[in-house]
Amino acid sequence: MKMSKMFVQTLREYPSDAEVISHKMLGRAGYIKKLAPGIYTFMPLMWRVLKKIENIVREEMDRAGAQELLMPFVQPKELWEESGRWEVYGKELMRLKDRHDRDMCLGPTHEEIITSVARDSLKSYKQLPVNLYQIQSKFRDEIRPRYGLLRGREFIMKDAYSFDIDEAGLDKEYKNMAQAYKRIFDRCGLETKMVQSDSGAIGGSVSHEFMVITDTDAGENDVFYCNSCDYSANSNHAVSKLADREVDRKEFFNETKIVDTPNTHSIEELCEFLKIPSTLILKSLVYIADKKPVIALIRADKAVEETKLMNAVSGVDIRIASSAEIAELMSEKGFDAVPGFIGPKGMNGIKIIADETVRDMKNFVVGINQTDKHLVGANLSDLGIELNYADIRLVQQGELCPQCGKPLYVTKGIEVGNIFKLGTKYSKPMNAVYTDIEGKTHPYIMGCYGIGISRTAAAAVEAHYDEYGIKWPVSIAPYHAVIVPVNINDELQMHTAQKIYEDLLNAGIEVVLDDRDERAGVKFKDADLIGFPYRVTVGKTITEGLVEYKVRETGEQEKYTPEQAVKILIQNIKNNLK
RNA sequence: CGGGACGUAGCGCAGCUUGGUAGCGCACCUCGCUUGGGACGAGGGGGUCGCAGGUUCAAAUCCUGUCGUCCCGACCA
């Protein structure tokens with residue numbers, strides 16, 4: 001490719017709307033162009049990167065025994081009604097009507113479609129197991145798309161679905177996919193952690209996410225992990241042992257009574273007023289789960305993990321209650337307390353979920369729905385309510401590993417892939433069954449396995465960049481190398497560059513010749529920004545028969561004869577692609 | 001959906017307070033000069049100032065409405 005003809009425009013400045021590294025870099029280097037929020041054109045360089053990732057995914061999925069197909073992007077409502085998700089999925093599902101006024105949607109995921117395809121074709125146990133996948137654009141009408149390709153509305157995804165006759169088969173395929181994913185991300189030059197996670201809206205029981213660990217702002221997930229064993233989990237799923245279970249502190253309160261606690265609207269204010277540690281306070285939080293109030297109780301030095309709470313009440317939608325909703329709840333129960341003084345006492349008929357931390361608390365402080373008052377020296381028996389215990393606690397750094405008891409650490413991660421055990425979540429309601437050896441029918445045992453292709457590309461930038469631009473891993477770089485003649489009007493320089501370029505092309509290397517009549521600085525800046533893994537500069541030293549070879553990743557550079565440079569380049573690239 | 005901000009050339013921005021012939025840098029075109037880390041000079045092309053009303057002799061500027069975009073909170077590959 002000649003740089004002078006390449007359809008790319010690099011910019012002097014970062015796009016003003018970009019917040020995170022990958023968005024800034026990909027925008028400035030001319031890889032992507034925004035059309036609408038979360039909707040981007042993949043420019044030629046970007047498309048080359050995406051195709052590289054797709055091909056790695058294809059090779060590894062095929063090697064793992066999966067078969068590629070391609071399902072429709074536009075889907076009819078009827079299938080979504082069969083699975084029950086037309087009602088449940090919410091506004092992220094982009095709904096539209098065709099000319100006959102029929103309800104349709106843009107595919108955010110394809111469980112319904114693949115299940116309907118499978119049930120028409122997979123009739124016998126003899127045909128199972130099967131794993132089918134596709135690589136395609138998905139559309140999810142995210143509330144707030146952001147971070148460029150990391151959270152788009154339209155994005156490219158690989159989604160795979162497995163069908164087995166029993167759980168054992170699913171377990172085997174689940175492991176098989178986990179191994180394939182490891183190989184895929186390794187080949188993309190990405191270090192990932194496989195972490196336990198919540199199974200979310202797609203449903204099912206067990207799931208793991210593949211996280212690119214990053215120290216940039218783009219990591220939207222907190223990952224807890226143990227250095228002593230293999231435990232790691234997304235914060236929405238992580239569990240821990242408490243480092244401190246010391247809760248009976250009789251020295252503070254030796255009798256149960258109501259005390260005045262004026263203007264203590266926060267835990268901090270209450271601690272300060274009563275001169276007590278926050279571990280002595282039972283915190284009561286009001287949430288709205290599927291439009292109904294739920295009270296969550298937890299030791300006040302800990303925070304509630306909303307996904308866990310949602311699972312504890314089997315809800316699909318949860319958020320903290322507004323002060324108006326709290327006021328409404330109060331008046332319904334005959335109280336008039338303001339937030340800060342809410343408590344479980346007298347809340348009969350409201351679902352109350354207590355975190356495990358509550359179990360051990362004794363002689364604690366709790367709100368009793370009277371403004372400017374708290375009950376001190378309280379015990380659970382004083383509250384006169386029925387508690388449902390569940391782990392709804394957000395793990396904090398320093399708490400202990402649930403497996404081995406050593407301290408847990410936290411880091412940021414970008415989720416680039418996930419694997420789910422679906423079981424019969426879709427096959428049962430959609431009556432997708434096979435016939436066993438005895439002639440009986442059973443629903444398939446299903447699994448699903450996703451990889452965000454475009455997100456993986458962005459995550460690779462987050463993991464490989466410096467102040468000058470992108471440092472693509474060779475395996476997914478748009479081109480392997482760039483040849484830069486410093487002065488194209490110098491016949492020897494240009495002739496040598498041209499020769500190197502052709503030799504590399506003939507060797508199957510994806511190479512760009514920067515034949516633009518620009519100053520060296522411009523070409524170097526662009527080469528660094530675009531992120532070619534290797535650069536060969538043909539400048540003044542060509543009069544001594546030498547060119548300069550430079551590695552983008554390490555900054556390492558060396559002078560060679562043109563023939564040596566070609567040879568080393570070919571060798572390094574081939575080694576890297578193994 | 002709530003809270004904040006912004007819409008002026010492909011990109012980044014000034015002008016608006018106090019109405020009076022639309023500007024700057026980058027990018028683009030021509031010529032010259034230059035050629036190892038985003039040179040320089042001269043000339044040039046490109047904008048219904050998001051859109052619609054209103055006020056006014058006169059609106060990018062003031063008023064009203066509307067659409068769009070970005071940032072902070074609840075989702076997920």
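Computed from a predicted structure; not experimentally measured. Within every chain, numbering begins at 1; the chains are lettered A, B, ... in the order of the sequence lines, protein sequences first and strands thereafter.
- Of all the residues in residues 55-69 of chain A, not one reaches under 4.0 Å from RNA chain B with any non-hydrogen atom.
- Under the 4.0 Å criterion applied to side-chain N and carboxylate O atoms, Glu518(A) and Lys523(A) are not assigned as salt-bridge partners.
- The residue Asp159(A) sits apart from the nucleic acid: no heavy atom pair falls under 4.0 Å.
- Within 4.0 Å (heavy atoms only), Lys540(A) reaches at least one base atom of the nucleic acid.
- Annotation: C29(B) and G10(B) have their C1' atoms spaced 15 Å apart (nearest Å).
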Distances for protein N/O vs nucleotides 7-16 of chain B N/O pairs under 3.5 angstrom?
from	atom 1	to	atom 2	distance (Å)
G12(B)	OP1	Ser16(A)	N	3.4
G12(B)	OP1	Ser16(A)	OG	3.0
G12(B)	O2'	Glu13(A)	OE2	3.1

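- Within the nucleic acid shown, Val416(A) comes within 4.0 Å of sugar-phosphate atoms alone, with no base atom in reach, counting heavy atoms only.
- Residue-level contact check: Gly469(A) touches neither bases nor backbone, having no heavy atom under 4.0 Å from any strand.
- A salt bridge does not link Glu209(A) with Lys193(A): every distance from a Lys NZ or Arg NE/NH1/NH2 to an Asp or Glu carboxylate oxygen is 4.0 Å or more.
- Rounded to a whole Å, the CG atom of Leu106(A) is 17 Å from the C1' atom of C76(B).
- Across the C1' atoms, C26(B) and G73(B) are found 36 Å apart, a figure rounded to whole Å.
- Among the nucleotides U35(B), C76(B), G37(B), the one closest to the side chain of Val486(A) is U35(B).
- Base engagement by Asp528(A) is indicated by at least one non-hydrogen atom pair under 4.0 Å involving a base atom.
- No side-chain donor from either of Asn234(A) and Gln196(A) sits under 3.5 Å from a side-chain acceptor of the other.
- Comparing the P positions of C33(B) and C24(B) gives a spacing of 27 Å, expressed to the nearest Å.
- Under the Watson-Crick or G-U wobble criterion, with both distances below 3.5 Å, G43(B) is paired with C29(B).
- Side-chain contact annotation: Glu305(A) with His237(A), donor-acceptor N/O pair under 3.5 Å absent.
- For Glu154(A) and Lys138(A), the salt-bridge test fails: no basic side-chain N is under 4.0 Å from an acidic carboxylate O.
- Nucleotide C24(B) forms a Watson-Crick or G-U wobble pair with G12(B), both donor-acceptor distances falling under 3.5 Å.
- Looking at Lys540(A) and Asp490(A), no side-chain N of the basic residue comes within less than 4.0 Å of a carboxylate O on the acidic one, giving no salt bridge.
- Salt bridge Glu54(A)/Lys158(A): absent, no basic N to carboxylate O contact under 4.0 Å.
- In this structure, Glu220(A) places its CD atom 14 Å from C1' of C71(B), rounding to the nearest Å.
- Across all strands shown, the partner of C62(B) is G54(B), judged by Watson-Crick or G-U wobble contacts whose two distances both fall under 3.5 Å.
- To the nearest angstrom, C1' of C76(B) lies 12 Å from CG of Leu150(A).
- Counting non-hydrogen atoms under 4.0 angstrom, Pro37(A) reaches the backbone sugars and phosphates but no base.
- Here Glu92(A) lies in heavy-atom contact (under 4.0 Å) with sugar-phosphate atoms only.
- Counting any heavy atom pair closer than 4.0 Å across all strands shown, Glu19(A) reaches sugar-phosphate atoms only and no base atom.
- When heavy atoms are screened at a 4.0 angstrom cut-off, Arg535(A) is found touching base atoms of the nucleic acid.
- By the 30° and 60° cut-offs, the orientation of the rings of Tyr549(A) relative to Tyr534(A) is parallel.
- Note: Tyr174(A) and Tyr449(A) have tilted aromatic rings, judged against thresholds of 30 and 60 degrees for the angle between ring planes.
- Among the heavy atoms of the strands lying under 4.0 Å from Arg28(A) is at least one base atom, whether or not backbone atoms are also near.
- Judged as a salt bridge (charged side-chain N to carboxylate O under 4.0 Å, His left out), the pairs with a partner in residues 16-27 of chain A (not counting sequence neighbours) are, in order, Asp17(A)-Lys34(A).
- Using the six-membered ring where Trp is involved, Tyr479(A) and Phe532(A) have ring planes that are tilted, between 30° and 60° apart.
- Base pairing of C6(B) is made with G68(B), judged by Watson-Crick or G-U wobble geometry with both donor-acceptor distances under 3.5 Å.
- Both thresholds, 5.5 Å between centres and 30° between ring planes, are met by Phe155(A) relative to the base of A77(B), so the two rings are stacked.
- When the side-chain nitrogen and oxygen atoms of Arg455(A) are compared with OP1 and OP2 of C76(B), none of them lie within a distance under 4.0 Å.
- Between the C1' atom of C33(B) and the CZ atom of Arg519(A) lies a distance of 10 Å, rounded to the nearest Å.
- At a threshold of 4.0 angstrom between heavy atoms, the contacts of Lys550(A) include nucleobase atoms, whether or not backbone atoms are also involved.
- Taking atom CG of Asn236(A) as the reference point, atom C1' of A74(B) lies 14 Å away to the nearest angstrom.
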